[in-house]
Structure formats: C-alpha cells, structure tokens
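Treat the numbers as computed from the prediction; the structure is a model and nothing was measured. In what follows, residues are counted from 1 in the order of the sequence shown.
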Amino acid sequence: MKKILSVLLSLAVIVLSAPVAVQAASSDEIIDKHGAKTYQGTTSAWGTTWNEDNFTEVTNSNVTASGNLTIKAGEVKDVTVSGSSSKVTISGGTVDDVDCDGSVQLSDGTVGSLEANGDITLRSGTVKRDVRSYQKVTISGKVTVGGSVIGNEVVASGSTGSTVSGSVQADGTITLTGNGLKIKELDGQDTATLNLKSYSGKLPYITDMDSIVVDASSTVTANGSVYAGNLTIAQKGEFVTTSWLELDTLTGPGTLSFNTGKLTIHDGISGKPLLNFNNSARDGQTAFKADRGRVGEDEVVLYDFALERETSDDGDMDEFVLDSNLKEGITLSKSSVALDGKNPVTVVASVKPSFSKFADGTKVVWELHGETSGFTISQSGLSCQVSAKGASSESYKATLVAYLVDQRGDRLADYRSDSCILTYGTQSSQPSDSGLTLDTYAVTIGAGDTYWVLAVTDSKTPPVAMSYNSSVAKVGAAAAYNKNGKTGWVYPVTGVAKGGVTIDIGGQKMITAIAAGSIVVDTSSYTLNPGGKYYIGVKIGGIDRKNLNVHSQNACTSVDYAGKNKSGLDLYVVTGRQTGVGAVIFEIVGGQSVQAQITVENGAKPHGVSARLIAAA
C-alpha cells in the first residue's frame with residue numbers, strides 16, 4: 001500500500017508541475033462566457049441548464065482541443081486544435097494565437113494570430129499579427145489584419161474598410177475583386193499569378209509576381225515600378241503605369257497605358273495589345289525596349305505612330321522609336337487640364353479637313369484612359385466636358401483621347417488622334433511645365449550618392465527644381481539633354497542624410513528615400529554558357545563589405561569576389577556551373593536584398609540586361 005501511495009503522490013507532483021492547458025474532449029465544443037468567466041464545454045452541455053460540473057473554466061488560459069471548436073465570447077490565451085478535419089470558428093471574444101490542423105473561420109472578435117493547415121476565411125473581426133494558411137485564405141468582409149496574410153492561394157473581395165497592414169503573400173494565386181481592400185504590398189514569391197477581376201483604381205505595391213492577369217472589367221493603376229514575368233490584359237481591360245514596367249511577355253488585346261521609354265520586354269509580345277501613352281508622345285521618342293530580336297514592329301496596335309526598330313549601342317536591346325507623318329485628323333483645344341474638383345472643363349476637337357470632306361457616318365469618339373476612377377466625361381460631337389469625381393486627398397491622372405471612326409465604328413488609322421492629360425488632387429496643386437514628365441517616380445539613394453533624374457520637356461529653359469528638405473537630399477543645377485529621341489533637362493539629386501523627401505521639378509514629383517548605407521547592383525539578368533564567366537559590378541556606400549552577403553541561389557552558378565575595377569566598383573564574378581535558371585543574391589546583413597537572375601544554357605550567346613538595383617541598409 002505504501003508503494004502505491006508513493007506512486008500516486010509522484011504522479012500528482014508531475015501533473016501539478018506541468019504547464020497549464022485545458023484539454024477538450026474529442027467532440028464539438030464551444031467556448032463562451034457565463035457570468036464574468038470564460039468556460040469550455042460540449043455543444044450539448046451548453047444546450048441544457050447550466051451545470052458547472054459539465055464545463056471547464058478557461059479564463060485567460062491556454063486551450064487545446066480536437067474536432068470542431070467554436071469561440072463565441074470570453075478571454076482565452078493560445079488555442080491549439082488537432083485533427084486534419086477540425087474547424088475553429090471564432091465569432092467573438094479575445095484570443096491570442098490560434099493554431100489549427102484543419103480550417104479556421106473568423107466572423108468577429110479579436111485574435112493575436114491565425115495559422116492553419118487548411119483554409120482560413122476572414123469575414124469580420126481583427127487579427128493583430130499574421131494570418132497564415134498552407135492552403136487558401138479568403139477575405140470577404142470588413143477585416144483588419146495588423147500583419148501579413150500568407151497562403152498558397154489568397155482571394156480578397158472588395159469589402160469596404162478591410163485593411164491588411166503588411167503584405168499579402170502567396171506562391172500560387174492572388175485574386176482581387178473590387179478595390180475596397182487596403183493592402184500595403186502584394187508579394188508573389190516569384191511564382192504566383194495575380195488575378196484582377198472587376199478592379200478599378202490603384203494597386204498595392206507589387207513585388208516578385210510571376211504573372212499578372214487583368215480581366216475585361218478592370219482598369220488598374222500600378223503603384224511604383226513593376227517587374228513581372230507575364231502581363232495579360234483582356235479586351236476592354238487596361239493596365240496603367242507611370243513608373244518602370246519590365247516584363248518577360250506582354251499579351252493583349254487589352255490596353256497598356258505607360259510613359260514612353262519606360263517599358264522593357266524580354267521574351268515577346270502576343271495578342272496585339274493596344275499601347276496608349278500617358279505623356280505627350282512625339283516623333284523620335286523611344287516607345288519601349290525589348291531584348292534583341294524578340295519583338296517585331298507589327299506585334300502591337302499603335303495609333304498615330306509607326307515603329308522603327310533600332311539596335312542599341314551595346315547590341316543587346318532593340319529600341320522601338322516613334323515615327324509619324326500624319327498631318328490630318330484631330331487637334332484638341334487643350335493639351336493638359338488640372339481640375340479643381342468644382343468646375344468642369346470643356347475640351348473641343350477641331351478636324352482637318354472639315355467634316356464635310358469625310359464620308360457619311362464619320363464621327364469623333366472620346367475615350368478616357370489611365371486612372372479613370374477620378375474623372376467623368378460627357379461628350380457631344382466635337383466637344384467633351386470633363387469633371388473630377390475622386391477624393392481631393394488622393395491624386396489622379398488620366399488621358400482623354402479623341403479619334404475618328406467610320407460609320408461601322410472602325411477607327412480611321414490614316415488620320416491622327418489627339419490627347420489631353422487630365423490631373424486632379426494632390427498632384428494637380430502645381431501645374432507641370434509644358435508637357436513635362438520625369439523619367440523616375442520613386443528612387444532610393446545612399447547618403448553621399450547622386451542620382452540623375454531626367455525631366456522630358458520641350459522647354460528651352462530648365463524647369464524650376466526644389467527639394468522639400470535639403471537636409472535630406474538636395475537637387476543641383478540642370479544640364480541640357482538630347483539623346484535617344486528624348487529632349488529635356490537632367491538634374492543631379494544627392495543624398496545628404498537618412499530620411500525621405502520629395503523632389504519637385506516643374507510641378508512633377510519624385511519620391512526619394514535616402515539610406516544611411518546602400519548597394520547598387522548594375523545587372524538585372526544575364527545569360528551565359530556552362531563554364532562562362534560574367535562580372536557584376538556593385539557600388540557599396542555607407543556599409544562595410546563584410547556586411548554584404550553575396551551568394552548563389554542554386555547550383556547552376558557560383559559567385560566569388562573579384563576585387564575592384566579602376567573606378568573603384570566592387571566586382572563579383574559569376575561562373576556558369578550547369579544548365580538552369582537561378583540568381584545571385586546581394587543581401588545587406590540586417591537590411592534589404594536584391595538579386596540578378598542568371599540563366600545558364602548550352603549554346604547561348606552571352607547577353608544581359610543592365611540595371612540599377614538598389615538595396616538599403
């Protein structure tokens with residue numbers, strides 16, 4: 001008997017010394033409040049007269065369960081639910097971290113974080129930190145997420161008021177319907193497809209997206225530069241960008257609106273996309289660039305201009321230069337309009353020769369391209385009234401285009417169209433200089449480094465330039481520029497101290513970040529043979545090279561430090577080891593990273609794409 005008693009006492013010590021956690025039975029259970037306390041019990045127990053012996057108090061305790069668990073109210077700490085077919089349903093209360101082998105649904109309440117092997121559905125409520133599913137995350141209501149949403153597949157509908165403070169990350173697909181969800185960043189992990197359905201307005205920042213698909217009912221505007229594998233735009237759909245756009249492939253037949261010279265294609269164009277220019281395009285300007293021999297002049301639809309293909313000086317790229325000799329057609333009364341949100345403006349088209357010279361049924365068609373959500377138009381024959389409808393705290397830019405069609409509605413390609421740039425909101429507060437556009441929308445500069453920004457304009461005098469905070473960055477005197485079909489003025493912007501600042505040139509703004517330390521890598525991609533070598537140049541500023549971690553992503557390449565060149569640039573030699581596609585990653589310890597894609601293939605003619613890839617410390 002003494003031996004048995006000793007064993008029982010030992011077991012009691014073990015139980016009392018174990019971490020406190022409440023274990024539920026393997027049946028459907030509910031967590032709810034009774035009085036001021038929180039209890040856990042079976043569904044049947046909650047459905048009968050209250051009997052405290054049928055429940056376990058879990059107020060501010062960790063909870064474990066198997067099967068289905070519903071949290072209606074109360075306060076508990078971490079919740080762990082086992083079973084691949086299990087489900088956690090949260091309709092109220094306050095919970096810390098939830099970890100479920102099955103699925104999770106949040107319809108109300110506050111949760112620290114959510115993690116599930118199965119699907120997660122967010123309909124309402126608040127998640128303070130991250131949401132992570134190894135399957136699918138669906139956002140379909142008014143939800144606030146303080147961290148990131150991570151899943152193989154993420155689907156978000158346009159519920160007004162929903163917010164994701166971090167990024168939405170997926171390696172399969174991201175689908176956005178409507179534009180009521182506020183997201184900081186969309187991260188495709190280099191493999192995901194972004195599907196845009198009935199989406200209008202500005203997109204979040206897009207990083208590492210393999211493919212972007214715009215449906216017929218979407219007009220979307222990129223936020224910052226976009227580098228993606230493929231961009232597909234359906235008929236009547238439109239993708240708008242004022243920053244750099246770099247793609248492997250572009251597929252139409254929808255509309256791509258961009259600034260001349262800011263599009264680069266690596267592999268090809270198909271489906272005859274319509275190219276529309278946000279800025280005032282002119283003869284001799286470079287419309288876009290492509291890897292040599294990958295794109296033909298007739299693979300896009302382009303009104304008013306023909307394309308002449310020219311090979312760049314280094315022989316790696318083809319430049320498609322605009323050429324037009326159309327003298328007859330439409331001329332608009334205004335080339336740009338800055339709206340104040342109160343008074344509409346009328347734009348009038350004049351036609352040469354007069355309409356009496358044209359066949360019966362010829363008429364003027366007015367179209368709005370770009371950030372169309374900020375404007376409305378009302379057309380009547382040769383005149384079009386334009387009004388602003390967006391929020392004045394935001395900025396909107398669109399292009400009003402007028403062109404001639406025959407009685408069947410087909411565009412008269414032998415007669416010129418004309419366009420008028422519309423602006424409203426914060427970016428309209430200062431009128432821009434004579435059709436002026438900047439070749440850079442946003443840039444990161446290391447302290448002490450200088451970046452040259454080009455203001456493309458016909459102005460014979462340099463536009464006024466200023467820094468909003470010269471203690472962070474300063475802008476120097478302009479120099480005249482006339483090269484590659486572009487004319488204008490180029491300005492040096494020099495980083496002074498860590499921080500953020502706006503550089504204003506002739507009313508156009510460049511958002512500038514100054515990093516205490518940074519690296520600038522001179523190559524975005526390169527192709528070589530097995531055994532071949534290529535040197536990547538890296539400008540290092542404000543950090544010790546020992547704090548730069550440079551490594552190859554996989555076994556198809558190796559990378560080694562090769563010293564400095566005559567100008568002081570640090571060189572890294574990349575060697576092709578075996579066929580495949582990989583990358584060389586340049587990572588600042590404790591800071592950002594950038595990577596250069598490296599392709600190793602037999603019989604390849606070595607070639608690459610130069611770049612200015614920046615990572616900040």
Heavy-atom closest contact (T557 atom, S552 atom, distance): OG1-OG, 2.5 Å

CG on L322 to CD on E308, rounded to 0.5 Å: 9.5 Å

Where L203 and N223 come nearest, the two heavy atoms and their spacing: O-CB, 3.0 Å

Sidechain-backbone polar pair: S467 side chain, A473 backbone, donor-acceptor under 3.5 Å: yes

Residue pair V364 / Q379, side-chain heavy-atom distance below 4.5 Å: no

L422 side chain reached by L368 side chain, heavy atoms, under 4.5 Å: yes

Sidechain-backbone polar pair: D449 side chain, G495 backbone, donor-acceptor under 3.5 Å: no

Distance (rounded to the nearest 0.5 Å) between L275 CG and L307 CG: 7.5 Å

Test item: H369 and V401 side chains (from C-beta on) under 4.5 Å apart, heavy atoms: yes

Donor-acceptor contact below 3.5 Å, side chain E238 vs main chain G370: yes

Rounded distance [0.5 Å steps], CG in L548 versus CG in D570: 8.5 Å

Atom pair CG/CG of L194 and L196 - distance to nearest 0.5 Å: 4.0 Å

Residues Q169 and S167: side-chain donor-acceptor under 3.5 angstrom: yes

Side-chain donor/acceptor of D283 to backbone N/O of S324, under 3.5 Å: yes

Least distance between heavy atoms, V337 atom then C420 atom: CG2-SG, 3.7 Å

Closest approach of V594 to V521 (non-hydrogen atoms, all atoms of both residues): CG2-CG2, 3.7 Å

Sub-4.5 Å side-chain heavy-atom contact between T512 and I445: yes

V295 vs D318, side-chain contact (heavy atoms from CB on, under 4.5 Å): CA-CA, chis, key distance, verdict: CA-CA 8 Å; V295 176; D318 288 333; over 6 Å; no

K272 atom NZ, over 12 foreign heavy atoms within 6.0 Å: yes

F305 and F277 aromatic ring geometry - parallel, tilted or perpendicular at 30°/60° bounds: perpendicular

Approximate separation, where rounding is to 0.5 Å, of H607 NE2 and D316 CG: 7.5 Å

Donor + acceptor pair across side chains of D267, T249 (<3.5 Å): no

Beyond-backbone contact of V550 with V584, side-chain heavy atoms, under 4.5 angstrom: yes

Minimum heavy-atom distance between V164 and S148, given as atom pair plus value: CG1-CA, 4.5 Å

D304 side chain vs S417 backbone, donor-acceptor pair below 3.5 Å: yes

Test log, rule side-chain contact (heavy atoms from CB on, under 4.5 Å), inputs V456 and T260: CA-CA 10 Å; V456 180; T260 52; over 6 Å; no

With Y535 via ring-ring contact (aromatic ring centres under 6.0 Å, His included) - residues at least two apart: none

Heavy-atom pair of closest approach, residues A497 and S471: CB-O, 3.6 Å

Within 6.0 angstrom of K498 NZ, more than 12 heavy atoms from elsewhere: no

Polar side-chain atom of S459 near backbone of T461 as donor-acceptor pair, under 3.5 Å: yes

Side-chain heavy atoms of E246 within contact of S524, under 4.5 Å: yes

Whether S218 side chain and Y199 backbone form a donor-acceptor pair below 3.5 Å: yes

Distance-only side-chain donor-acceptor flag, Y534 / T523, under 3.5 Å: yes

L250 CG to F239 CZ distance, which is reported to the nearest 0.5 Å: 10.0 Å

Test item: E371 side-chain N/O and K397 main-chain N/O as donor-acceptor pair under 3.5 Å: yes

F375 and Y424 aromatic ring geometry - parallel, tilted or perpendicular at 30°/60° bounds: perpendicular

Any side-chain donor near an acceptor of the partner, T219 and S200, under 3.5 Å: no

Close side-chain approach of T251 and N230, heavy atoms under 4.5 Å: no

Pairing residues for Y572 by the ring-ring contact (aromatic ring centres under 6.0 Å, His included) criterion, not counting sequence neighbours: Y561, F586

Residue pair I212, V226: steps toward the side-chain contact (heavy atoms from CB on, under 4.5 Å) verdict: CA-CA 10 Å; I212 302 171; V226 175; 3.9 Å; yes

Residue pair D418 / T331, side-chain donor-acceptor N/O under 3.5 Å: no

M209/L186 under side-chain contact (heavy atoms from CB on, under 4.5 Å): CA gap, chis, key distance, verdict: CA-CA 8 Å; M209 200 66 64; L186 300 173; 4.0 Å; yes

R416 (side chain) donor-acceptor with I330 (main chain) under 3.5 angstrom: yes

D522 vs S610 side-chain heavy atoms within contact, under 4.5 Å: no

